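This report concerns only the one structure given below.
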Amino acid sequence: MASEKEIKEIYENGMNILEDLTNNVQEIQEQVLEEILKRNAGTEYLSRFFPNGQADNQSFKTNVPIITYEDIQPYIDRIANGETSSILLAYRIIQFLLSTGTSGGQPKLIPMTAESFEKRMSDLLLSDLVTRKCFSGSDEGKSLYLYFIKPEIETPSGLKASFFTTFYFKTESFKNGLAKFCTSPIDTILCLDNKQSMFCQLLTGLLQRDEVIRFGSTFASVLARTIKFLEDYWRELCCNIRTGYLSDWIIDPGCKNAMSLIHTRPNPELADSIQQICEDKSWEGIIVKLWPKIKYIHCIITGSMSQYVSLLEFYGGGIPLVSPIYNSSESSFGINLKPLSKPFDVSYTFLPNTAYFEFLPVGKDGEGKAQETWTDDEPVDLANVKLGRYYEVVVTTLAGLYRYRVGDVLKVTGFYNKSPQFQFVERRNVVLCIDVDKTTEEDLSKAIMKAKLILEPLGIMLTTYSSYADTSLTPGRYVLFWELKMKGRNDVPKLDAKIMEQCCCIVEESFDFTYKSHRKGGAISALELRVVKHGTFDELMDFYVSKGVSVAQYKPPSCLKSDEAVKILNSGMVGKFFSSKTMF
Ligand code: AMP
């Protein structure tokens, strides 16, 4: 694990480390691959591809196939069932990471070694350092970071499996590092009951409101949920502050104990000022009103999280949104070197020492839609990607993944020294699909962003959305779910059918040529928009959390695959609209 000394080294010398890494991309990448092969070429998995025993960087690229999780799953399953991990990698697996992606309904298990954890840690620390450098005085205050864990799973081999965040929050590195700057006591973060945890974390955040200079979490979706929780519980939180008592439904011993150290006396003045702020009709800027010294909001807001940008801009009163890092259970990829970039301009600079990266070129047609990866094109190295081009990232790690397709499409937007910077475009496997039309996450998000513009002058906010392809009817149609609310209030807005139909039309208009031609030819029927009431998407999150997804890593699906999930959103429906039948 990263020792205090290593953490100190990064904070003291981090900017030089960054310069060194980004100036020597090709050399470092070659060294990383050499090291991976030196250690792992003799494993059962890799040795098959080197029949003459010669495993150099060049033969790696010619012999080892590009794979997906399903190709490596038999090896992972064998390890999870008790075989030695040396069939896949030389170093000891300390545990598996659970990815939010699934394979055949099961969560993906990704091996993690002590070393691969350290690599991720150093990226997290570097990203933290870069962000702090951007905001003067950010070393002085505290962070109100809402962090949650999920129970671990034990595989038959005895190896544990958990979400990365769960593992990380339990380490000494976290306890002795970032946790020291957090308002939330570690025991409230480690509480397995997310509701008690949230209540206590918000309570401690409010008790220390004058010290908080950062508000954040892992993903924007967690902050959206936090704001909703605050809407539901601010009265009870104020009552706790006023009386000095802790609500009696907080029964987790860790939470109770931690709170008894910090929540020690009645504080009616503080309760009054919070009450006054929360009683205000408009909650615009509520985050800065409650925590007036906040300098920025810190969470991932790109990709599927971009749907929360306007919500966070509204409640954050315009303070900067910082999207720090792009990583996954498989590997850490890059960090945001320009924390002040606007959410839709955020790019991540890849650091060449974390893994060996290759990039499969992804075609884009005239309308900017990602096509199938050109499989006849060779993947290119990190140092050879081209500005403006789209790629799917392929990763080879020290922890047993060899030429593994992560499933994310990225666009090269620039370079920092010699290291490419990428914008996250979409997760490849998230598509709405009817007939031969494939609508990607990016298409959907762009179309909805356009359509929601006509609601904004009416004071109506789109807080979150999802979709599914309804093929129960012929021809099938795409169905959108929108959660709408009035700015600053939670009431369901009065919905003007004409305007809502116009939204449907704008969405369809924005889809690509293939969609429109199918729609015109009658292979796809008119798009349907179902408006759901405020809070319905929280129920969806509860559903996924109950299925084992971690709150801290939850990403609202932009496209639903489960009937149960559709049922949940349907149950909150307050209106249903269609685009004009004859629009094409
Ligand atoms: P998980 O393995 O469950 O942590 O999920 C990793 C996936 O989350 C990545 O492959 C991306 O699709 C997505 N992701 C992680 N970080 C970002 C980011 N900064 N922007 C957009 N998507 C991200």
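In this chain, residues are counted from 1 in sequence order. Below, all heavy atoms of this structure are taken into account, side chains as well, without hydrogens, waters or symmetry copies. In this text the structure is predicted, and so the values were computed from the model without any measurement. Atoms within each ligand, like the ligands themselves, are counted from 1 in listed order.
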Pick one: which of Ile300, Val346, Val409, Leu410 meets side-chain contact (heavy atoms from CB on, under 4.5 Å) with Phe424?
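Output: one option passes, namely Leu410.
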Show which atoms of ligand 1 fall inside a sub-4.0 Å distance from at least one heavy-atom site of [X].
| X | answer |
| --- | --- |
| Ser328 | 2 (O), 4 (O), 6 (C), 9 (C), 10 (O) |
| Ile300 | 16 (N), 17 (C), 18 (C), 19 (N), 20 (N) |
| Asp408 | 9 (C), 10 (O), 11 (C), 12 (O) |
| Ser329 | 1 (P), 2 (O), 3 (O), 4 (O) |

Could you tell me whether ligand 1 has any atom less than 4.0 Å away from a heavy atom of Ile325?
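Ile325 counts as a contact of ligand 1 under the 4.0 Å cut-off.
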Run the contact test for Phe333 against ligand 1 with a 4.0 Å cut-off on heavy atoms, strictly below, and give the result.
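It does not; every heavy atom stays at 4.0 Å or beyond.
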Is the NZ atom of Lys61 crowded by more than 12 outside heavy atoms at less than 6.0 Å?
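Enclosed: over 12 neighbouring heavy atoms sit under 6.0 Å from NZ of Lys61.
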Counting only heavy atoms not in Lys567, do more than 12 fall under 6.0 Å of its NZ?
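No, because the 6.0 Å sphere around NZ of Lys567 holds 12 heavy atoms or fewer from other groups.
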Just distance, no hydrogens or angles: give the donor-acceptor pairs under 3.5 Å from side chains in residues 319-327, sequence neighbours left out.
{"residue": "Ser323", "atom": "OG", "partner": "Ile301", "partner atom": "N", "Å": "3.0"}
{"residue": "Ser323", "atom": "OG", "partner": "Tyr348", "partner atom": "OH", "Å": "2.8"}
{"residue": "Tyr326", "atom": "OH", "partner": "Asp408", "partner atom": "OD2", "Å": "2.6"}

Kindly indicate, with the supporting measurements, whether the criterion ring-ring contact (aromatic ring centres under 6.0 Å, His included) is fulfilled by Phe148 and Tyr554.
CA-CA 11 Å; Phe148 302 92; Tyr554 175 73; over 10 Å; no
Select the closest option to atom 22 (N) of ligand 1 among Tyr348, Tyr554, Phe422, Phe424, judged by heavy-atom distance.
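Nearest option to atom 22 (N) of ligand 1, by heavy atoms: Phe424.
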Using distance alone, determine whether Thr302 and ligand 1 share an N or O pair under 3.5 Å.
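N/O-N/O distance under 3.5 Å: yes.
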ring-ring contact (aromatic ring centres under 6.0 Å, His included) involving Phe219 - partner list, sequence neighbours excluded:
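For Phe219 there are no ring-ring contact (aromatic ring centres under 6.0 Å, His included) partners, ignoring immediate neighbours.
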